[in-house]
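Side-chain atoms are counted along with the backbone in the values below, which use heavy atoms only and exclude waters and symmetry mates. Order of the sequence lines fixes the chain letters, A, B, ..., with proteins taken first and strands second; residue numbering starts at 1 for each chain.
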2 protein chains.
Amino acid sequence: MPYSISDLAKEFDVTPRAIRFYEEQGLLNPERRGQTRIYSPSDRVRLKLILRGKRLGFTLEESRTLFELYDPSSGNRRQLETMLETIDRHRTHLAQQLHDIQVMMLELDEAETRCARALEAAGSAENNKNIASTEG
Amino acid sequence: MPYSISDLAKEFDVTPRAIRFYEEQGLLNPERRGQTRIYSPSDRVRLKLILRGKRLGFTLEESRTLFELYDPSSGNRRQLETMLETIDRHRTHLAQQLHDIQVMMLELDEAETRCARALEAAGSAENNKNIASTEG
DNA sequence: CAACAAGTTGACGTTTACGTAAAGGGAAGC
DNA sequence: GCTTCCCTTTACGTAAACGTCAACTTGTTG
């Protein structure tokens with residue numbers, strides 16, 4: 001059930017150095033057996049969330065504040081309101097990204113069409129060359 | 001119809017320094033009147049695309065290669081095939097992000113619920129205090 | 001027991017994407 | 001003509017997120 005640092009590194013295709021760095025930044029807190037880090041399944045989930053955050057362009061700092069949203073019981077009224085604002089900001093951000101992705105996907109479709117057309121043209125040109133050389 | 005650097009800077013909420021940097025990296029090529037940069041509407045669109053790329057976590061380098069996809073006529077067969085691969089990579093990437101966003105939106109909903117509950121609890125506690133102090 | 005693999009802690013290096021002066025040009029207004 | 005903007009280039013500084021040694025400890029395997 002527990003993982004070594006290289007277990008996680010291999011599974012998620014990151015370096016042990018990166019994982020240690022996330023810990024240094026306060027995003028992970030694995031147990032230790034002596035000096036050696038021992039990662040629990042929940043540490044593993046955390047790492048997963050960190051990497052998902054990275055894929056969405058979040059800084060490690062942002063991911064860290066997102067983690068705090070998982071435990072709202074520890075906050076006073078003021079902190080809870082800040083949390084709600086944070087959630088709203090992230091929602092807006094995600095909605096913007098969602099829109100960006102959809103538009104870009106359409107553009108990729110168009111780009112693919114243009115490329116395919118250009119390849120076809122190049123292909124037929126090459127065919128002509130081949131025909132010509134075959135004819136010669 | 002043309003824009004100054006500060007026009008664009010204001011419109012897109014970036015610094016002139018950033019815009020000059022994008023040019024330095026080969027992403028923009030505005031005309032000049034003397035030394036002064038003059039941006040056309042298409043330069044403006046380019047800047048927009050750069051910033052959209054940034055929102056999706058692309059490096060400037062990646063955005064630059066994406067721009068090249070807009071003009072496939074200038075490529076030979078080998079380059080066109082590379083372009084198609086690039087398009088496919090980006091599609092996969094965007095699909096992953098799309099998924100990440102959807103999952104995270106659900107998680108934000110849950111987090112909001114937890115926060116609201118915690119606030120409610122804190123609120124009723126405060127009410128009790130108020131009642132107690134009103135009662136005293 | 002020697003060697004090797006895998007882990008550890010510094011500590012400095014690197015890339016990306018700008019920020020931040022410094023020093024100056026050119027036109028517009030008083 | 002002087003000041004005030006806005007623009008310019010050059011150049012060094014910086015934050016984030018690791019990469020890359022170096023030097024060392026800790027099992028474990030031949």
Could you check whether [X] pairs with [Y] (Lys NZ or Arg NE/NH1/NH2 to Asp/Glu carboxylate O, under 4.0 Å)?
{"X": "A:Arg91", "Y": "B:Asp109", "answer": "yes"}
{"X": "A:Arg55", "Y": "B:Asp100", "answer": "yes"}
{"X": "B:Asp7", "Y": "B:Arg44", "answer": "no"}
{"X": "A:Arg78", "Y": "A:Glu81", "answer": "no"}

Problem set entry | Any side-chain donor near an acceptor of the partner, A:Glu107 and B:Tyr70, under 3.5 Å |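 The criterion, which ignores hydrogens and geometry beyond distance, is satisfied for B:Tyr70 and A:Glu107.
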For this session: Please check if atom CD in B:Glu31 has more than 12 non-hydrogen atoms from other residues, nucleotides or ligands closer than 6.0 Å.
Result: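 Count not over threshold, so no.
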For this session: Name every residue in residues 29-51 of chain B that has at least one heavy atom under 4.0 Å from any atom of DNA chain C, in order of residue number, or write none if there are no such residues.
Result: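 DNA chain C contact set from residues 29-51 of chain B: none.
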Problem set entry | Residue pairs, two or more places apart or on separate chains, that pass ring pair (Phe, Tyr, Trp, His ring centres under 6.0 Å) and touch residues 4-25 of chain B |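 Matches after skipping sequence neighbours: none remain.
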Problem set entry | B:Thr59 side chain to B:Glu62 backbone, donor-acceptor under 3.5 Å |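 Checked: pair present.
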Exercise. What parts of residues 3-25 of chain B reach DNA chain D, counting only heavy atoms under 4.0 Å away?
Worked result: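 Going residue by residue through residues 3-25 of chain B, the ones with a heavy atom under 4.0 Å of DNA chain D turn out to be B:Ser4, B:Ile5, B:Ser6, B:Arg17, B:Arg20.
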Problem set entry | Any B:Lys54 side-chain nitrogen or oxygen under 4.0 Å from OP1 or OP2 of C:dC18 |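 Yes.
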